Amino acid sequence: MALGEQEQQILDLIYGLVYPQGTWPTYRTVDLHMDKRLDIGDTQAALLSVSEELLKRPWQVGFYDNDEVRLTLRGVNACQGGRDDLDALASFLGWVCSREAQTPVDPPDFMVTSREYAEALGLDLGPVPDAQPPQPTPPGQQSVSPEAARARETMIHLRVLGMLVPSFWQSAGHSQEGPWDWTFVIDRRRLRRYREVRGGADLLRIEEELEQSAPLAVAPALQPETDTPDVQTILAGDVSTTAEDARVVVPSPRPGYETMLSVLREDVAALCTAAVSQERYDDAIFDAFRHVEAEVQRRTGLPDVIGSRLLQHAFMEEGPRQIKVTHRQGDQQRLYEMFGAAIGLHRGDRAHKDKPALICRTLQECVRLLAHACVLLDLLDRDMAVTPTILGYAQRDDDTLTLRVERATPTTRVLIDERPCPVLRRGLGTITVSTVGIPTDEHDVVLIDGSLQSPSTPIWLVRAAGLGNWYRVEEVNMPLYTNQDCIEPLVLQPVVHVT
């Protein structure tokens, strides 16, 4: 396919933004870069002009700010360096197939990691992290040798491209060390189609074959769940008709599976689309809830623990591995029971027998269960150990509020009383927002970064801040200083009551 100059520039720009973050860039990021680097003012129109064979379309009419802008394998192949990356991906899949052939049938699933593959290639990824959970560090700021940095870039591209390849993995994730330190849980049966892959051209051929074999609609599942047809009344214009003649019964069209899956989280949709398109509903449900369990394993650092033992560690045992979404202790028991029931019923029922007790027979039922898996993953994204967090706040003047934050990124948004608040500037560990038009009172502040949502933090906005106002302190052992530069600590004297 011959590409125009602008189309080539767009593809190269998008693919170049993958490293070092290890993920596809958001539309907002692409829009800013296209404006500055390519002098393209209408990013929506420019992206939609790129062929669907090269760039994945959003399910809605256009891109939203937080939508990932992703290329297809053909799009990657057209990028500078993309063909070599696809050949490297084909070599990785060949290594996975070789590993699978040497792995016993029981257990049915097995994992491969970037460190194992790097060792097989003789690459150095840098030091192995300590047993203690590491503090996340931006990939570009990690101090490693040039050889390790290049090896990490290779692993990042393999992870991003591997997640585009249909169905050879059941779940995927990476450690807090960075997106180069990844793990794929392999689907052994679906891996078989890649045994004869020898290069990137074979991957493109398989992608094309899967697209051609996927049905455009799933006819049985598109029928209404009741036998009552929808009715439309058609008027015949100048033609004289009776009321009975004019009443024409027209079956209401049901949405295709692509439209129904568009309401799901992107990771669940990518994992389950192939199975749903082939009416393998129970396989799709198993994949989704296995993904939920794998995400709990990743969050807790317990990849070899499953079932109730895993959930006990995740929700009921105090410690660094505990997942907490609120400060209410009773919610831990509720999370334990919710995840236990869902994983046990929907994953466990399909994991150990040929025919599950709760068979899924329709597309509608399947999508509802996949949405349930998405709800559980959304709850994990509210884990207070990984979401952006507000540590404190300060009001320098009447119209701004500075938040002291942790784990915030350049895309973190601020909501005050559930309304977006304009961000004026971002500093090291701070976000300053405009409070123009927000009245003096107590307000709830939330930080949102993609699917991560912080707990609500109450703050008190005042006017003439710092001149004659008292502040309510809700955090103890918080250092106090004598000035705004936070250099000289404030020494507090005890208050003595004289009677």
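What you are looking at is a predicted structure, and each value in this text was computed from that prediction instead of being measured.
- The residues Arg192 and Asp187 are annotated as not salt-bridged, no charged nitrogen and carboxylate oxygen being separated by less than 4.0 angstrom.
- Residues Thr389 and Arg407 bring a donor and an acceptor atom of their side chains to less than 3.5 Å of each other.
- Across all non-hydrogen atoms, the minimal contact from Ala88 to Tyr117 is O-OH, 4.1 Å.
- Taking the six-membered ring wherever Trp is involved, the centroid distance between the rings of Tyr15 and His157 falls below 6.0 Å.
- At least one side-chain heavy atom of Tyr336 sits under 4.5 Å from a side-chain heavy atom of Ser308.
- Looking only at distances, no side-chain donor or acceptor of Thr113 sits under 3.5 Å from a matching main-chain atom of Trp182.
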Can you list, pair by pair, the side-chain donor-acceptor contacts under 3.5 Å of residues 372-381, counting residues two or more places apart and other chains?
residue, atom, partner, partner atom, Å
Asp378, OD1, Arg265, NH1, 2.8
Asp381, OD1, Arg299, NH2, 2.8
Asp381, OD2, Arg265, NH1, 2.8
Asp381, OD2, Arg265, NH2, 3.3
Asp381, OD2, Ser451, OG, 2.7

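- With rounding to the nearest 0.5 Å, the separation of CD1 in Ile343 from CZ in Arg290 is 9.0 Å.
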Determine all donor-acceptor pairs shorter than 3.5 Å in which one atom belongs to a side chain in residues 69-82; sequence neighbours excluded.
residue, atom, partner, partner atom, Å
Thr72, OG1, Glu53, O, 2.5
Thr72, OG1, Leu54, O, 3.3
Thr72, OG1, Arg74, N, 3.3
Thr72, OG1, Gly75, N, 3.0
Arg74, NH2, Glu211, OE1, 3.2

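- The residues Glu68 and Lys56 are annotated as not salt-bridged, no charged nitrogen and carboxylate oxygen being separated by less than 4.0 angstrom.
- Taking the six-membered ring for Trp and the full ring otherwise, Trp169 and Tyr194 have centroids separated by 6.0 Å or more.
- Under a 3.5 Å cut-off, the side chain of Arg152 and the backbone N or O of Val144 do not form any donor-acceptor pair.
- With respect to Arg28 and Asp31, no salt bridge is recorded, no charged nitrogen being found less than 4.0 Å from a carboxylate O.
- A salt bridge does not link Lys324 with Asp383: none of the charged nitrogens is closer than 4.0 Å to a carboxylate oxygen.
- In this structure, SG on Cys97 lies 9.5 Å from CZ on Phe168, to the nearest 0.5 angstrom.
- The heavy-atom pair separating Cys366 from Val276 by the smallest distance is SG-CG2, 4.1 Å.
- Here the OG-CD distance, from Ser51 to Glu7, works out to 6.5 Å after rounding to the nearest 0.5 Å.
- A salt bridge between Arg368 and Glu365 is absent, with no side-chain N of the basic residue lying under 4.0 Å from a carboxylate O of the acidic one.
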**Message:** Please evaluate residues Arg150 and Glu153 with respect to the criterion salt bridge (Lys or Arg N to Asp or Glu O under 4.0 Å), reporting the C-alpha separation (whole Å), side-chain torsions for both, the decisive distance (0.1 Å), and the verdict.
**Reply:** CA-CA 5 Å; Arg150 286 192 293 271; Glu153 182 175 0; over 6 Å; no
**Request:** List the steps and the verdict of salt bridge (Lys or Arg N to Asp or Glu O under 4.0 Å) for Asp202 and Arg195.
**Result:** CA-CA 11 Å; Asp202 293 326; Arg195 287 175 178 169; over 6 Å; no
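- Closest heavy-atom contact between Arg159 and Gly22: NH1-O, 2.6 Å.
- Electrostatic pairing of Arg205 and Glu207 does not count as a salt bridge here, judged by no charged N lying under 4.0 Å from a carboxylate O.
- Note: Ser145 OG to Asp124 CG = 5.0 Å, rounded to the nearest 0.5 Å.
- Annotation: the span from Asp84 atom CG to Leu89 atom CG amounts to 12.5 Å, rounded to 0.5 Å.
- With salt bridges taken as basic N to acidic carboxylate O contacts below 4.0 Å, none links Glu209 and Arg193.
- Using modelled atom types, one finds a donor on one side chain and an acceptor on the other under 3.5 Å when comparing Glu337 with Gln333.
- Separation of atoms CG (Leu125) and OG1 (Thr154) is listed at 9.0 Å; rounding is to 0.5 Å.
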